[in-house]
Student: 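I'd like to ask you about the structure that follows.
Just so you know, these numbers come straight off a predicted model, no measurement behind them.
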Amino acid sequence: MAAAQRTVIENAAIATVDADDTEYASGHVVIAGNRIEAVGAGKAPDGLGNVVRRIDAGGHLVTPGLVNTHHHFYQWITRGLATDHNLFNWLVALYPTWARIDEPMVYAAAQGSLAMMARGGVTTAMDHHYVFPKDSGDLSGAIIRAARETGVRFTLARGSMDRSEKDGGLPPDFAVETLEGALAATEATVKEHHDSSFDAMTQIAVAPCSPFSVSTELLCEGAELARRLGVRLHTHGSETVEEEKFCHELFGMGPTDYFESTGWLGEDVWMAHCVHMNDSDIAAFARTKTGVAHCPSSNARLAAGIARVPDMLEAGVPVGLGVDGTASNESGELHTELRNALLINRLGAHREAALNTRQALRLGTYGGAQVLGRATEIGSLEPGKLADLVLWKLDTLAHASIADPVTALVLGAAAPVTASFVNGRQIVQDSHLLHVDEDAIARSTRAEAQRLARITAQ
């Protein structure tokens, strides 16, 4: 690091989210190249060479960048539809529209989804894309290109569906792939795009969509494929009571037992939602270190229920936060999920003891890094880790009278992002993206949403 260019951030409140939850009322962070070189109280050490920038961060809180663990970018162009539906009815209403997406639509939707998250403090994004209509173009490549242009660290969960209406599933027949086609395309995506290095900007996971949209064969062979290729596994699990009923009727067991029977529990697996989990389900996840992407806003929007996050954390289950698709969380922002995770869980059995503000911040940072298998690289501010961090402005009208900066960030209004760094490179300045044109993205997403609506209506 001696020859690396350095950025010095000083005079900031700092929440490191390390193992001891170390915090500094006024401290410094030194970035050298793409790594965090130093974090501590007071001013940065004297005598640092090659300092190209100094940031006086008085009035700010510095945290690790937010890590999103579940999303569906393509839904950016179908926001605001089916607003009073539960999950199954919502899917039935929207699948005919989603089955008509193409590469330009997916690229624009990915740009919109990524831009909204990045300007709100997300430094690591994730997309679970599982709709691949025939002859729709290179959808995975389009999504990865949008992430690269935005500047965020990114995991693409290459999804798939092979159980359509004729097989008892929810997607229309023309919206699914064959078993062989899905597996071959997933393997090709991993081989073309996955980077296993410490500072990887793009990684791929194997991600059949859900128990009610994929065959048992696709789950089993997908798990075998992921482990042969050395990548992670992702799917939806235990989201609704309807899913629980579906699994019992079709497989003779609940979702967690079904997943275990198909090889889908393990420290290389994470699942979205996990709302309807009994004690034995949580124990199985804890025993196998299977991760959970908690999506509180989407769960509320679709009336799915309240996930037992406090019980999962107590048992040792890795838990991160997810935006989920923006057709069920129209804001598309992860920093609002810090607040919603805390508030919604306090409506559950544990009430005011469910989560506190620092646990909420941990869910959105280190917890997310754990779930994505990158906790040694990101998720906390520690020397040697990658320089993914955010400066939140907390000295304005919205937050200035809240003494505790973490409480201000989690429970206050959405805090402005003065600066966001990914891999040591700044991607946000004063809540605006530095490397893509937000206004152009807004225009293109509106145009593609309108084009999709016209196609669907024909």
Student: Between Glu187 and Lys191 (salt bridge meaning N to carboxylate O under 4.0 Å), is one present in this structure?
Tutor: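 The answer is yes: the pair qualifies as a salt bridge.
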Student: Indicate whether any N or O donor in one side chain lies under 3.5 Å from an N or O acceptor in the other, for His350 and Asp311.
Tutor: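 His350 vs Asp311: donor-acceptor pair found between side chains.
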Student: Are the side chain of Thr150 and the backbone N or O of Leu114 linked by a donor-acceptor pair below 3.5 Å?
Tutor: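 No, because the side chain of Thr150 does not come within donor-acceptor range (under 3.5 Å) of the backbone of Leu114.
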Student: Go through the steps for His273 and His294 under the test ring-ring contact (aromatic ring centres under 6.0 Å, His included), then give the verdict.
Tutor: CA-CA 5 Å; His273 303 298; His294 176 44; 8.9 Å; no
Student: Does the ring centre of Trp90 sit less than 6.0 Å away from the ring centre of Trp98?
Tutor: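 Yes; Trp90 has its ring centre under 6.0 Å from that of Trp98.
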Student: Ignoring hydrogens and angles, tell me if any N or O in the side chain of His234 forms a donor-acceptor pair with the backbone of Ala157 under 3.5 Å.
Tutor: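 Here the side-chain-to-backbone pair does not exist.
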Student: Count the heavy atoms belonging to other residues, nucleotides or ligands that lie under 6.0 Å from CD of Glu314, then report whether that count exceeds 12.
Tutor: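 Incorrect, the count does not exceed 12.
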Student: In terms of side-chain geometry, is the basic nitrogen of Asp56 or Arg54 positioned less than 4.0 Å from the acidic oxygen of its partner?
Tutor: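 Looking at Asp56 and Arg54, the cut-off is not met.
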Student: I need the single residue from Asn423, Thr123, Thr202 that forms a side-chain hydrogen bond (donor to acceptor under 3.5 Å, both in side chains) with Arg153. Which is it?
Tutor: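 That would be Asn423; it is the only one of Asn423, Thr123, Thr202 passing the side-chain hydrogen bond (donor to acceptor under 3.5 Å, both in side chains) with Arg153.
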Student: Under 4.0 Å between a Lys/Arg side-chain N and an Asp/Glu carboxylate O for Arg308 and Asp279?
Tutor: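 The answer is yes: the pair qualifies as a salt bridge.
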Student: Extract all donor-acceptor atom pairs below 3.5 Å that involve side chains of residues 258-265 and protein atoms in other chains or at least two apart in sequence.
Tutor:
unit_1, atom_1, unit_2, atom_2, d
Tyr258, OH, Thr216, OG1, 2.6
Glu260, OE2, Arg287, NH2, 3.2
Ser261, OG, Tyr258, O, 2.6
Thr262, OG1, Tyr258, O, 3.3
Thr262, OG1, Phe259, O, 3.0
Trp264, NE1, Leu219, O, 2.7

Student: Between Asp21 and Val17, is there a donor-acceptor pair closer than 3.5 Å when you use the side chain of the first and the backbone of the second?
Tutor: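 No; zero donor-acceptor contacts below 3.5 Å.
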Student: Walk me through it: do Gln370 and Trp270 pass the test side-chain contact (heavy atoms from CB on, under 4.5 Å)?
Tutor: CA-CA 10 Å; Gln370 279 186 300; Trp270 85 103; over 6 Å; no
Student: Could you tell me whether Arg6 and Glu37 make a salt bridge, using a distance below 4.0 angstrom between a side-chain N and a carboxylate O?
Tutor: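 Counted as a salt bridge, because a side-chain N and a carboxylate O are separated by less than 4.0 Å.
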Student: Below 3.5 Å, can you tabulate the donor-acceptor pairs from side chains in residues 400-411 to any protein atom, sequence neighbours excluded?
Tutor:
unit_1, atom_1, unit_2, atom_2, d
Asp404, OD1, Arg358, NH2, 2.7
Asp404, OD2, Arg358, NH1, 3.1
Asp404, OD2, Arg358, NH2, 3.3
Asp404, OD2, Thr407, N, 3.1
Asp404, OD2, Thr407, OG1, 2.5

Student: With no hydrogens and no angle check, do the side chains of His128 and Arg158 hold a donor and an acceptor under 3.5 Å apart?
Tutor: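 Result is no, nothing qualifies.
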Student: So, Thr235 side chain and Cys209 main chain: donor-acceptor pair closer than 3.5 Å or not?
Tutor: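 Yes, Thr235 side chain to Cys209 backbone: donor-acceptor pair under 3.5 Å.
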Student: How long is the gap from CD1 on Ile378 to CG on Leu372, to the nearest 0.5 Å?
Tutor: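 Answer for the CD1-CG pair, Ile378 versus Leu372, is 6.5 Å.
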Student: Determine whether a donor-acceptor pair (N or O, by modelled atom type, separation under 3.5 Å) exists between the side chain of Thr445 and the backbone of Ala442.
Tutor: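 Pair found, side chain donor or acceptor close to backbone of Ala442.
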Student: In terms of relative ring orientation, are His72 and His70 parallel, tilted or perpendicular, with 30° and 60° separating the classes?
Tutor: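 Because their plane-to-plane angle is over 60°, the rings of His72 and His70 count as perpendicular.
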Student: Do His129 and Tyr74 have their ring centres less than 6.0 Å from each other?
Tutor: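 Centroid separation for His129 and Tyr74: below 6.0 Å.
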Student: Do any side-chain atoms of residues 141-149 form donor-acceptor pairs under 3.5 angstrom with protein atoms, and if so which ones, sequence neighbours left out?
Tutor:
unit_1, atom_1, unit_2, atom_2, d
Glu149, OE1, Tyr107, OH, 2.6
Glu149, OE2, Tyr107, OH, 3.3

Student: Between Asn329 and Val323 (side chain of the first, backbone of the second, donor and acceptor by atom type, cut-off under 3.5 Å), is there such a pair?
Tutor: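 Yes; at least one donor-acceptor contact below 3.5 Å.
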Student: Answer yes when Arg119 and Glu333 have at least one side-chain N-carboxylate O distance shorter than 4.0 Å, and no when they do not.
Tutor: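 Salt bridge between Arg119 and Glu333, a charged N being under 4.0 Å from a carboxylate O: no.
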Student: If you draw a 6.0 Å radius around CD in Gln429, do more than 12 non-hydrogen atoms from other residues or ligands fall strictly inside?
Tutor: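 Atom CD in Gln429 is packed in, count exceeds 12.
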